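Source: prediction; values computed, not measured.
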Amino acid sequence: MLNTPIRSVQWSGTHITLLDQRLLPAKTEFLSLTSIKDVWDAIFKLKVRGAPAIGIAAAYGLALWTQQTTLTNFNDFKSELVKQGAYLESSRPTAVNLFWAVKRILSVVEPVSSVETAKEAILAEAQLIEKEDEDVCRSIGEYAITLFHDEDTLLTHCNAGGIATARYGTALAPFYIAKERGMNLKAYASETRPVLQGARLTAWELQQLGVDVTLITDNMVAHTIKSKGVTAVIVGADRIAANGDTANKIGTYGLALIAKSLGIPFYVAAPLSTIDLDTLSGGEIEIEERHPDEVRTLNGQAITTPDMKVFNPAFDVTPSELITGIITEKGIIQGDYQPKLAKLFL
Ligand SMILES: CSC[C@H]1O[C@H](OP(=O)(O)O)[C@H](O)[C@@H]1O
């Protein structure tokens with residue numbers, strides 16, 4: 001591989017080692033999470049962020065809890081585990097990977113009959129979730145790269161990169177594959193107010209990878225696509241409904257409208273773990289609203305009066321009709337999403 005990846009979430013035996021993504025790019029600092037409360041706090045405060053990375057952190061959070069519980073009665077253990085899973089799910093509502101990971105951890109306890117066996121099974125499953133996600137993201141990159149040509153210029157929003165997953169990312173995965181194959185795939189990264197995942201994380205990540213990346217502010221997107229020969233837009237996802245409607249970072253919907261009006265393809269790159277067939281359409285997806293101070297400040301400095309009224313949705317929903325294709329680890333889905341997404345799970 002081109003470079004040793006920085007892993008955002010790692011199991012360290014008695015604790016979780018977590019890259020504090022709030023400090024990037026200025027500082028690369030790791031935290032030791034020693035309790036499930038630490039994990040909840042890390043997800044809520046975006047110390048760890050990105051749908052798959054949140055799922056991995058939650059899975060290891062439950063494994064950590066099992067190592068610390070003093071419960072010996074198996075039924076008491078199982079019912080408390082369910083409560084701990086629900087506790088982690090209360091940290092952020094939109095990214096389905098959090099709920100998907102909790103459900104998957106709970107499922108491995110079903111066939112076992114002792115606390116000790118359950119503890120082993122849960123840790124093994126959490127480690128499997130992490131390993132699978134790395135393989136899945138690489139596969140997404142290998143499918144995605146078939147859509148692009150040498151010297152293409154892509155625009156991406158927020159950060160759906162390696163630190164939002166186990167490795168490689170989803171929307172950024174094709175850049176890793178392109179680098180391996182000597183392809184020159186160029187990028188524009190929109191800064192992504194208010195938390196600036198684009199400026200702080202994507203621009204930094206692609207620069208580290210040696211990609212020709214240019215940072216723009218969110219309001220420059222239309223002019224950039226029109227004047228800089230952007231050939232496609234590619235973004236990640238936090239929850240894809242059964243009909244293909246996709247929740248992703250706030251600003252994605254507007255980006256899809258611009259792409260449509262300017263006649264370039266708009267791709268969503270996401271693993272099957274982000275597809276939620278139980279949510280029938282985008283209108284059912286709960287959109288997280290975050291603290292107004294995220295908008296009232298920039299890098300910790302106030303840019304408004306302290307009592308300024310704010311609307312701070314962290315995500316929006318792009319209707320499936322604006323999505324040219326959904327790139328998954330099982331291939332690229334284009335149009336007529338409902339039956340094709342369902343078929344991925346058969
Ligand atoms: C690979 S999932 C990345 C996805 O998650 C981000 O949201 P947040 O930074 O709030 O966790 C954003 O929507 C990305 O597209």
Fellow cluster residues of Ile6, listed by chain then number, with links counted only when side-chain atoms sit under 4.5 Å apart: Leu19, Leu24, Phe30, Ile163, Leu201, Trp204
Glu205 side chain to Asn159 backbone, donor-acceptor under 3.5 Å: no
Spacing of CZ belonging to Arg92 relative to CD belonging to Glu286, to within rounding of 0.5 Å: 11.5 Å
Qualifying residues under side-chain contact (heavy atoms from CB on, under 4.5 Å), relative to Val112, sequence neighbours excluded: Phe74, Val109, Thr117, Ala118
Over 12 non-hydrogen atoms of neighbours within 6.0 angstrom of CG in Asn299: no
Any Asn243 side-chain heavy atom under 4.5 Å of Tyr337 side chain: no
Candidates Asp245, Ile333, Thr246 - the one meeting side chain to side chain contact (heavy atoms under 4.5 Å, CB included) with Ile323: Thr246
Check: Trp65 ring centre within less than 6.0 Å of Phe77 ring centre: yes
Side-chain donor/acceptor of Asn248 to backbone N/O of Ala237, under 3.5 Å: yes
Partner residues of Glu151 under the salt bridge (charged side-chain N to carboxylate O under 4.0 Å, His left out) criterion, sequence neighbours left out: Lys186
Same apolar cluster (I L V M F W Y, side chains within < 4.5 Å links), Phe315/Ile234: no
Spacing of Gln207 atom CD and Asp212 atom CG [to the nearest 0.5 Å]: 10.5 Å
N-O pairing of Glu132 and Arg104 below 4.0 Å: yes
Donor-acceptor contact below 3.5 Å, side chain Asp38 vs main chain Thr34: yes
In one Ile/Leu/Val/Met/Phe/Trp/Tyr side-chain cluster, 4.5 Å: Met183, Leu147: yes
Contact list for residues 10-29, test ring pair (Phe, Tyr, Trp, His ring centres under 6.0 Å), sequence neighbours left out: Trp11-Tyr60
Residues forming a side chain to side chain donor-acceptor pair (under 3.5 Å) with Thr305, sequence neighbours excluded: Asp307
Thr328 side-chain N/O to Lys330 backbone N/O, donor-acceptor pair under 3.5 Å: yes
Atom pair CG/CD of Leu106 and Glu110 - distance to nearest 0.5 Å: 8.0 Å
Leu18 and Lys47: CA distance, side-chain angles, deciding distance, side chain to side chain contact (heavy atoms under 4.5 Å, CB included) verdict: CA-CA 8 Å; Leu18 192 90; Lys47 298 175 188 175; 3.9 Å; yes
Under 3.5 Å: donor-acceptor pair, side chain of Ser190, backbone of Asp218: no
Flag, side chain of Thr153 to backbone of Ala187, donor-acceptor distance under 3.5 Å: no
All salt bridge (charged side-chain N to carboxylate O under 4.0 Å, His left out) counterparts of Arg200, not counting sequence neighbours: none
Straight-line distance of Leu155 CG to Thr224 OG1, nearest 0.5 Å: 7.0 Å
Beyond-backbone contact of Val211 with Leu172, side-chain heavy atoms, under 4.5 angstrom: no
Minimal non-hydrogen separation, Leu209 against Lys179, with atom names: O-CE, 3.4 Å
Counterpart residues, salt bridge (charged side-chain N to carboxylate O under 4.0 Å, His left out), relative to Asp293 (two or more places apart): Arg296
Stepwise side-chain hydrogen bond (donor to acceptor under 3.5 Å, both in side chains) check, Tyr176 with Glu142: CA-CA 9 Å; Tyr176 286 88; Glu142 288 169 343; over 6 Å; no
Within-4.5 Å side-chain heavy-atom neighbours: Glu80 and Lys78: no
Salt bridge flag under 4.0 Å for residues Arg138 and Glu180: yes
Separation between CZ of Arg49 and CG of Asp238, rounded to the nearest 0.5 Å: 8.5 Å
Residues that Ala189 engages under side-chain contact (heavy atoms from CB on, under 4.5 Å), provided they are two or more places apart: Thr202, Val213
Within residues 309-323 or reaching into it, pairs that qualify as side-chain hydrogen bond (donor to acceptor under 3.5 Å, both in side chains) - sequence neighbours excluded: Glu294-Asn312
Gln301 CD: over 12 foreign heavy atoms closer than 6.0 Å: no
Any pair counted as salt bridge (Lys or Arg N to Asp or Glu O under 4.0 Å), so long as it reaches residues 4-32, sequence neighbours left out: Arg7-Glu134, Asp20-Arg22
Verify same cluster id: Val310, Leu196 (apolar side-chain graph, 4.5 Å): no
Glu288 bridged to Arg290 by N-O distance under 4.0 Å: yes
Value rounded to 0.5 Å, distance of OG1 in Thr69 from CG in Asp76: 9.0 Å
Minimum side-chain heavy-atom gap Trp40-Ser90 below 4.5 Å: yes
In one Ile/Leu/Val/Met/Phe/Trp/Tyr side-chain cluster, 4.5 Å: Val96, Leu277: no
Cluster link Trp100 to Leu341, ILVMFWY, side chain under 4.5 Å: no
In a table with atom names and distances, give each donor-acceptor pair under 3.5 Å that connects a side chain of residues 259-273 to protein atoms at least two apart or in another chain.
unit_1: Ser261; atom_1: OG; unit_2: Leu257; atom_2: O; d: 3.4
unit_1: Ser261; atom_1: OG; unit_2: Ile258; atom_2: O; d: 2.9
unit_1: Ser273; atom_1: OG; unit_2: Asn97; atom_2: ND2; d: 3.0

Ion pair check, Asp276 and Arg239, cut-off under 4.0 Å: yes
Under 3.5 Å donor-acceptor, Glu289 side chain and Phe311 backbone: no
Worked check of side chain to side chain contact (heavy atoms under 4.5 Å, CB included) between Tyr188 and Met220: CA-CA 10 Å; Tyr188 281 91; Met220 295 176 186; over 6 Å; no
Beyond-backbone contact of Thr66 with Leu123, side-chain heavy atoms, under 4.5 angstrom: no
Linked hydrophobic residues, Val195 as query - side chain contacts closer than 4.5 Å: Leu46
Ion pair check, Asp135 and Lys131, cut-off under 4.0 Å: yes
Lys/Arg-Asp/Glu bridge criterion (N-O < 4.0 Å) met for Lys340, Asp336: no
